[in-house]
Amino acid sequence: MKNKRRFAMVSVAVIVVALLLEAGILKYVNDANAYRLSKVLLDRVVTVLNKNDQSEEELIESLKDDYIVRAKAVSYIVDAKPQVENDAEELQKIAKLMSVDEIHLFDETGCITSGSVPKYFGYSFDSGTQMSYFKPMLTDKSLTMCQDVTPNTSEGKAMMYAITWNEAGTMMVQVGLKPQRLLDELKQNEISTVVSDMPVYKGMELYVADADTELVKGPQIVTK
């Protein structure tokens with residue numbers, strides 16, 4: 001009887017030890033899998049963010065080149081048809097033809113004297129930070145410039161402006177566009193969007209910290 005009891009106790013002990021070993025092994029395997037999965041996710045986030053930064057830069061440069069070409073084209077049209085220089089309606093037609101939102105004509109002092117948006121007449125390179133960006137144009141008539149997406153001085157609208165001197169060097173021609181394609185791309189590439197689109201398992205949380213602003217974006221918590 002005693003032997004049977006001893007055997008039963010030993011059996012129970014063996015089973016308990018086996019269960020503990022199994023639990024320990026499973027925990028080790030799960031921890032290792034979680035670490036590998038976390039590393040894969042983090043590497044993917046870094047890769048996606050870096051790729052997005054590169055694509056944004058390439059898109060911005062491409063748009064700037066395009067907008068400068070449009071500014072030069074408008075300048076050529078105005079030079080060829082000087083009668084439209086002070087005709088807002090004709091300049092609006094040219095703006096539509098060139099697929100730009102605004103046309104502004106500046107005199108040699110950097111003041112808007114004409115264009116497709118009459119309410120902007122009188123604004124100058126001294127009217128605010130956004131417009132003062134183009135002051136280097138006043139000292140170099142061979143220069144062309146295009147600004148990054150910036151709220152404009154008059155209404156605070158997100159715009160991109162490109163500017164060039166006309167052939168005679170008597171006025172500057174500027175075009176303004178709302179770069180919807182770029183704005184859509186920037187929104188899609190926001191850290192919060194990247195984080196929310198990243199697939200994770202239930203209970204996992206994904207954070208991304210901006211080293212420059214020290215802001216933390218996230219988390220994405222899966223509850224289903």
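We number each residue from 1, following the sequence as shown. The figures here come from the full heavy-atom set of this structure, side chains too, leaving out hydrogens, waters and symmetry mates.
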For [Y], is there any backbone N or O sitting under 3.5 Å from a side-chain donor or acceptor partner on [X]?
X: W165; Y: T144; answer: no
X: D79; Y: E167; answer: yes
X: N166; Y: M171; answer: yes
X: R70; Y: V175; answer: no

Subject >> Residues, nucleotides or ligands: over 12 heavy atoms within 6.0 Å of K64 NZ >> reply: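 Yes, NZ of K64 has more than 12 neighbouring heavy atoms, counting only those of other groups under 6.0 Å.
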Original post:
Heavy-atom count around Q83 CD within 6.0 Å, excluding the residue itself: above 12?
Top reply: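 More than 12 within 6.0 Å, yes.
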Could you tell me which non-hydrogen atom of [X] sits nearest to which non-hydrogen atom of [Y], and how far apart they are?
X: Y133; Y: C146; answer: OH-O, 3.4 Å
X: S154; Y: Y123; answer: OG-OH, 3.5 Å
X: T129; Y: S132; answer: O-OG, 2.9 Å
X: P118; Y: S116; answer: CD-O, 3.5 Å

At what distance, to the nearest 0.5 angstrom, does [atom1] of [X] lie from [atom2] of [Y]?
X: D65; Y: I60; atom1: CG; atom2: CD1; result: 12.0 Å
X: Q92; Y: D87; atom1: CD; atom2: CG; result: 9.0 Å
X: Y120; Y: S127; atom1: OH; atom2: OG; result: 12.0 Å
X: E85; Y: T170; atom1: CD; atom2: OG1; result: 7.0 Å
X: N86; Y: S114; atom1: CG; atom2: OG; result: 4.5 Å
X: L97; Y: I77; atom1: CG; atom2: CD1; result: 5.5 Å

**OP:** Output, in order, the C-alpha distance, side-chain angles, deciding distance and verdict of side chain to side chain contact (heavy atoms under 4.5 Å, CB included) for T150 and Q147.
**Re:** CA-CA 7 Å; T150 308; Q147 195 173 32; 3.8 Å; yes
Could you pull out every donor-acceptor pair under 3.5 Å between side chains of residues 102-111 and any protein atom, sequence neighbours left out?
{"unit_1": "E102", "atom_1": "OE1", "unit_2": "H104", "atom_2": "NE2", "d": "2.8"}
{"unit_1": "E102", "atom_1": "OE1", "unit_2": "Y161", "atom_2": "OH", "d": "2.8"}
{"unit_1": "D107", "atom_1": "OD1", "unit_2": "T109", "atom_2": "N", "d": "2.9"}
{"unit_1": "D107", "atom_1": "OD1", "unit_2": "T109", "atom_2": "OG1", "d": "2.6"}
{"unit_1": "D107", "atom_1": "OD1", "unit_2": "G110", "atom_2": "N", "d": "3.1"}
{"unit_1": "D107", "atom_1": "OD1", "unit_2": "C111", "atom_2": "N", "d": "3.1"}
{"unit_1": "D107", "atom_1": "OD2", "unit_2": "T109", "atom_2": "OG1", "d": "3.4"}
{"unit_1": "E108", "atom_1": "OE1", "unit_2": "K141", "atom_2": "NZ", "d": "2.8"}

Subject >> Worked verdict on M145 versus L143 for side chain to side chain contact (heavy atoms under 4.5 Å, CB included) >> reply: CA-CA 7 Å; M145 299 180 70; L143 196 61; 3.8 Å; yes
Using the rule that Ile, Leu, Val, Met, Phe, Trp and Tyr join whenever any side-chain heavy atoms are under 4.5 Å apart, tell me whether [X] and [Y] fall into a single cluster.
X: M159; Y: M137; answer: yes
X: L177; Y: V69; answer: no
X: V78; Y: I112; answer: no
X: Y67; Y: M98; answer: yes

**OP:** Could you check F121 against T113 for side chain to side chain contact (heavy atoms under 4.5 Å, CB included), going step by step and ending with a plain yes or no?
**Re:** CA-CA 6 Å; F121 294 177; T113 57; over 6 Å; no
**OP:** From the options N152, V100, D101, select the one residue that forms a side chain to side chain contact (heavy atoms under 4.5 Å, CB included) with K178.
**Re:**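 Going through the options one by one, the only one that passes is D101.
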Original post:
How about V84 and L91: do any of their side-chain heavy atoms sit closer than 4.5 Å?
Top reply: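 Side chain of V84 against side chain of L91, heavy atoms only: contact under 4.5 Å found.
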**OP:** Report the C-alpha distance between F134 and Q174 in whole Å, list the side-chain angles of each, state the deciding distance to 0.1 Å, and finish with yes or no for side chain to side chain contact (heavy atoms under 4.5 Å, CB included).
**Re:** CA-CA 10 Å; F134 296 103; Q174 183 185 71; 3.4 Å; yes
Original post:
Of all residues at least two apart in sequence or in a different chain, which pass the side chain to side chain contact (heavy atoms under 4.5 Å, CB included) check with P151?
Top reply: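 Expected list: none.
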